[in-house]
Amino acid sequence: MRYGGEVPPKSTNRDRSSHGSGTEMPRMSHLSDRGLGRLAAEVLAHAEWFPRTGPGRSTVSIADTLTLQDAVLLWATVPGHPGQPVLLAARQQGERLVPMSTATAMLSLTARAHWPTSAGGTVSWTGPGGDARFVEPVGTTATNDVVRIHLRDSPALLKAYRVVGDGKAEHRALTAAAPGQLVPRVLARIGYRGTGAADEAPLALVTEAVAGQTLDVQLRRSLESAWQTGRSELSAPSREFLRRIRGAVQTLHGCLLLEDSPVRHPLVIRLPDLLADIGVVERFLPEFSQAHRLLDAAARQAAALCASGELVTGGAHGDLHLSHVLVDDSQVRFVDPGSGRAVTPSDDFAALHRAVECLCLDLQVAMIAAGAEHDTASALRAVAWAADPSAQTGSPWEPLIRSAETAASTRVAELWCANVVAELVGRRQDPASKLLYLARLLHDLRYHTERGRTYYADLAWWHLARLLAFQPKNSSGGTTR
């Protein structure tokens, strides 16, 4: 999610779908709770952020509703979904209801402090009252929907959570890190208290719009410069810049440390979640696909890594992408902190490692196969699926090498990537770091597979094969790790 003060660059999501924008529904006044449940299931079926393993039309029920001018908020209970309830929104369009951004639907809540819901609950606005004006969408993910707004003429961001209550960890993290000016200030919050509930569950947060450029933009320029010069080595200023980012991450970890002292756990506590990610991906594979060999190899490697080593708890961002790091001339800031999952500082560095690799491969595919990125990604996946983890032979590079020039650019990119990871993340070869890297890779594969984002899933398959089934060499035969 890009949160900088500048207008963010257009998304490079090569699998973005327009499904859901035109799903029409009957007027709300004509609908029973059962009818609203069917319509909510229809919205989820077309929502690109919702897993393809989502509910059927008869399985979603509506726990509560709130009508706001020409919009309605729906609290949808979705059997099998990891969080409950899911918050959806629709707006009146003539005689119909059509899906809309949940964050945009909430803008009218600034008019007063309390709003009664149909089931006897209360939605509350805590913050400066007055006009909140929509500016533009920022982005939508599986966990949140964000829009840029003006709140009393000050630039801000409104972030609505998909699952009611998901914002607790982020609010706690933003509050803890605020004194160090490493995160945006919270300007307002929107909460929901159901009938008889003891605590208020967050629905949305409004934060200041902080200045800065996302880290992926600066890394993109660095790789393009490496291609132009043919040199993969990082300049002294680049190395210093990346170390400054790493230092800021470590400072953030210190701010977020909420326990009296770190606690040590055996690595095996992370194995169930990792195996669950593998299980989800397997459900999308043909029964006799060779790709099962890669997933089996991943499970074996994870089990072997869990035999030794430990995890040390501590403060962590929890969802550290390159676009969650904002940099300007004087300061590094982080957006979107907080995760419901149990994470450690090492998880943040594993996430950064994966993010740099994904950016590098995405840019390579775009440069080498402009206009045919999907075909090239499919070819990378085919190489990955055909790989034999027990043999550890062959080369994963064939789809990217079409001439001496592309061979050279691939070699530069891979060495550049290794150099960036070494400075940004550090050389982490202990069992815990290896396990968390593998876990993050499998999480990425599951996330994109579940949502039908085949391009990014294909790239993740290729990275998994390179890790497990090929000797760790670059396109010229030299070792990259």
K.L.:
With distance as the sole test, does R162 use its side chain to make a donor-acceptor pair with the main-chain N or O of T141 at under 3.5 Å?
P.N.:
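A pair under 3.5 Å: yes.
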K.L.:
Indicate the atoms forming the closest heavy-atom contact of E208 with V183, along with that distance.
P.N.:
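Of all heavy-atom pairs spanning E208 and V183, the closest is OE2-O, 4.3 Å.
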K.L.:
Contact between M106 and L203 at the side-chain level, heavy atoms closer than 4.5 Å - yes or no?
P.N.:
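Yes. Closest side-chain heavy atoms under 4.5 Å.
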K.L.:
I need the H443 NE2 to D277 CG distance, nearest 0.5 Å.
P.N.:
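It comes to 7.0 Å.
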K.L.:
Checking T110 side chain against L107 main chain: does a donor-acceptor pair fall under 3.5 Å?
P.N.:
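A pair under 3.5 Å: yes.
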K.L.:
Would you say the side chains of S346 and S433 form a donor-acceptor pair under 3.5 Å?
P.N.:
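Side-chain D/A pair, S346 to S433: absent.
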K.L.:
Are the side chains of I190 and L205 in contact, using a 4.5 Å heavy-atom criterion?
P.N.:
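No, side chains not in contact.
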K.L.:
Pick out which of L459, L442, D444, V281 makes a side-chain contact (heavy atoms from CB on, under 4.5 Å) with L464.
P.N.:
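Exactly one candidate clears the test, L442.
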K.L.:
Are F334 and H324 close enough that their ring centers fall under 6.0 Å?
P.N.:
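Ring centroids of F334 and H324 are no less than 6.0 Å from each other.
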K.L.:
For the residue pair T143 / D166, report whether a side-chain donor-acceptor contact shorter than 3.5 Å exists.
P.N.:
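Side-chain D/A pair, D166 to T143: absent.
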K.L.:
Can any side-chain N or O of W115 pair as donor or acceptor with the backbone N or O of S124 at less than 3.5 Å?
P.N.:
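It does not hold such a pair.
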K.L.:
Under 3.5 Å, is there a donor-acceptor pair between the H321 and D319 side chains?
P.N.:
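Yes, a side-chain donor-acceptor pair sits under 3.5 Å.
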K.L.:
Should the pair W75 and Y192 be assigned to parallel (<30°), tilted (30 to 60°) or perpendicular (>60°) ring geometry?
P.N.:
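The rings of W75 and Y192 sit tilted, inter-plane angle from 30° to 60°.
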K.L.:
If the condition is side-chain hydrogen bond (donor to acceptor under 3.5 Å, both in side chains), which residues does D296 pass it with, not counting sequence neighbours?
P.N.:
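By the side-chain hydrogen bond (donor to acceptor under 3.5 Å, both in side chains) rule, D296 matches no residue at all.
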K.L.:
Q301 vs L438, test: side chain to side chain contact (heavy atoms under 4.5 Å, CB included). Steps then yes/no.
P.N.:
CA-CA 9 Å; Q301 183 170 110; L438 177 59; 4.1 Å; yes
K.L.:
With S101, which residues qualify under side-chain hydrogen bond (donor to acceptor under 3.5 Å, both in side chains), at least two apart?
P.N.:
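S101: side-chain hydrogen bond (donor to acceptor under 3.5 Å, both in side chains) contacts with T104, D145.
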K.L.:
Going from CG on L215 to CZ on R220, what distance comes out if it is rounded to the nearest 0.5 angstrom?
P.N.:
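Output value for this atom pair is 12.0 Å.
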K.L.:
Which heavy atom of A387 sits nearest a heavy atom of R293, and at what distance?
P.N.:
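For A387 and R293, the tightest heavy-atom pair comes out as O-NH2, 2.8 Å.
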K.L.:
Taking all non-hydrogen atoms of both residues into account, name the closest pair between D328 and Q331 and its distance.
P.N.:
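D328 and Q331 have their closest heavy atoms at OD1-N, 2.7 Å.
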K.L.:
Please step through salt bridge (Lys or Arg N to Asp or Glu O under 4.0 Å) for the pair E357 and R466, ending with a clear verdict.
P.N.:
CA-CA 12 Å; E357 285 189 339; R466 192 183 64 166; 3.2 Å; yes
K.L.:
Check R270, R440, R354 against D347 for a salt bridge (Lys or Arg N to Asp or Glu O under 4.0 Å) and give me the one that passes.
P.N.:
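The residue from R270, R440, R354 that satisfies salt bridge (Lys or Arg N to Asp or Glu O under 4.0 Å) with D347 turns out to be R270.
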K.L.:
Please step through side-chain hydrogen bond (donor to acceptor under 3.5 Å, both in side chains) for the pair Y455 and D362, ending with a clear verdict.
P.N.:
CA-CA 9 Å; Y455 173 85; D362 186 27; 2.6 Å; yes
K.L.:
Counting only heavy atoms from other residues, nucleotides and ligands, does the tally under 6.0 Å from CZ of R112 exceed 12?
P.N.:
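For R112, atom CZ is crowded (more than 12 foreign heavy atoms under 6.0 Å).
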K.L.:
For the atom pair CG (L424) and CG (L219), what is the distance rounded to the nearest 0.5 Å?
P.N.:
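Between atom CG of L424 and atom CG of L219 there are 7.0 Å.
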K.L.:
Would you say that L88 contacts L73 through its side chain, given a criterion of any heavy-atom pair below 4.5 Å between the two side chains?
P.N.:
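A side-chain contact under 4.5 Å is absent here.
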K.L.:
Looking at side-chain heavy atoms only, is the closest gap between T77 and V60 below 4.5 Å?
P.N.:
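They are not in side-chain contact.
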K.L.:
For residues V78 and P85, determine if any side-chain heavy atom of one lies less than 4.5 Å from a side-chain heavy atom of the other.
P.N.:
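In short, these two side chains do not touch, never coming nearer than 4.5 Å.
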K.L.:
With side chain to side chain contact (heavy atoms under 4.5 Å, CB included) as the criterion, how do V206 and V186 come out once you've worked through the C-alpha distance, each side chain's angles and the decisive distance to 0.1 Å?
P.N.:
CA-CA 6 Å; V206 179; V186 176; over 6 Å; no
K.L.:
Has Q69 got more than 12 heavy atoms of other residues, nucleotides or ligands less than 6.0 Å from its CD?
P.N.:
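Check fails, neighbour count at 12 or below.
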K.L.:
Does any part of the side chain of V332, heavy atoms only, come nearer than 4.5 Å to the side chain of V325, both counted from C-beta?
P.N.:
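SC-SC contact between V325 and V332 confirmed.
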K.L.:
What's the shortest heavy-atom distance between A177 and L256, and which atoms?
P.N.:
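Scanning both residues, the minimum pair turns out to be CB-CD2, 4.1 Å.
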K.L.:
Give every residue pair that meets the salt bridge (Lys or Arg N to Asp or Glu O under 4.0 Å) criterion with at least one member in residues 186-203, sequence neighbours excluded.
P.N.:
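For residues 186-203, and leaving out neighbouring residues, there are no salt bridge (Lys or Arg N to Asp or Glu O under 4.0 Å) pairs at all.
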K.L.:
Does the R133 side chain pair with the main chain of I149, one donor and one acceptor, at a distance under 3.5 Å?
P.N.:
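Between the backbone of I149 and the side chain of R133 there is no qualifying donor-acceptor contact (under 3.5 Å).
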K.L.:
For I269 and L267: C-alpha separation, side-chain torsions, deciding distance, then whether side chain to side chain contact (heavy atoms under 4.5 Å, CB included) applies.
P.N.:
CA-CA 5 Å; I269 68 169; L267 284 182; over 6 Å; no
K.L.:
Taking the side chain as every heavy atom from C-beta outward, state whether R152 and P128 have any pair of such atoms under 4.5 Å apart.
P.N.:
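Contact flag for R152/P128 side chains = yes.
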K.L.:
Distance to the ring centre below 6.0 angstrom and angle to the axis at most 45 degrees; does that hold for R451 and Y447?
P.N.:
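Yes, R451 sits over the ring of Y447.
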K.L.:
Does the side chain of Q364 come within less than 4.5 Å of L361's, by heavy atoms?
P.N.:
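Yes, their side chains come closer than 4.5 Å.
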K.L.:
Of T214, V217, V356, which meets side-chain contact (heavy atoms from CB on, under 4.5 Å) against L322?
P.N.:
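Result: among T214, V217, V356, V356 is the only option passing the side-chain contact (heavy atoms from CB on, under 4.5 Å) with L322.
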K.L.:
Would you find a donor on one side and an acceptor on the other, under 3.5 Å apart, between the side chain of D348 and the backbone of H317?
P.N.:
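Flag set: sc D348 to bb H317 pair under 3.5 Å.
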K.L.:
Looking at OG of S289 and CD of E282, how far apart are the two atoms once the value is rounded to the nearest 0.5 Å?
P.N.:
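It is 10.0 Å, given to the nearest 0.5 Å.
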K.L.:
I need the minimum non-hydrogen distance between L271 and A302, along with the two atoms involved.
P.N.:
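Scanning both residues, the minimum pair turns out to be CD1-CB, 3.8 Å.
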K.L.:
Give the C-alpha distance, both sets of side-chain angles, the deciding distance and a yes or no for side chain to side chain contact (heavy atoms under 4.5 Å, CB included) between E450 and V280.
P.N.:
CA-CA 8 Å; E450 275 190 309; V280 170; 3.7 Å; yes
K.L.:
Is a donor on one side and an acceptor on the other found under 3.5 Å between the side chain of T175 and the backbone of H171?
P.N.:
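The answer is yes, because a donor-acceptor pair under 3.5 Å joins these two groups.
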K.L.:
Distance check, rounded to the nearest 0.5 Å: W462 atom CH2 versus L445 atom CG?
P.N.:
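So the CH2 of W462 and the CG of L445 are separated by 14.5 Å.
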K.L.:
Can you confirm if the aromatic rings of H253 and F349 lie within a centre distance of less than 6.0 Å?
P.N.:
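Centroid separation for F349 and H253: below 6.0 Å.
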K.L.:
Look up atom CG in L151 and atom CG in D131, then write down how far apart they are to the nearest 0.5 Å.
P.N.:
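Between L151 CG and D131 CG, I get 8.5 Å after rounding to 0.5 Å.
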K.L.:
Check whether S118 reaches the backbone of T65 with its side chain - one donor and one acceptor, N or O, closer than 3.5 Å.
P.N.:
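Looks like yes, one N/O pair under 3.5 Å.
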K.L.:
So, T126 side chain and A188 main chain: donor-acceptor pair closer than 3.5 Å or not?
P.N.:
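Pair absent, no side-chain N/O of T126 close to backbone of A188.
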K.L.:
I need the minimum non-hydrogen distance between T195 and G121, along with the two atoms involved.
P.N.:
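Distance-wise, the nearest heavy atoms are OG1-N, 3.7 Å.
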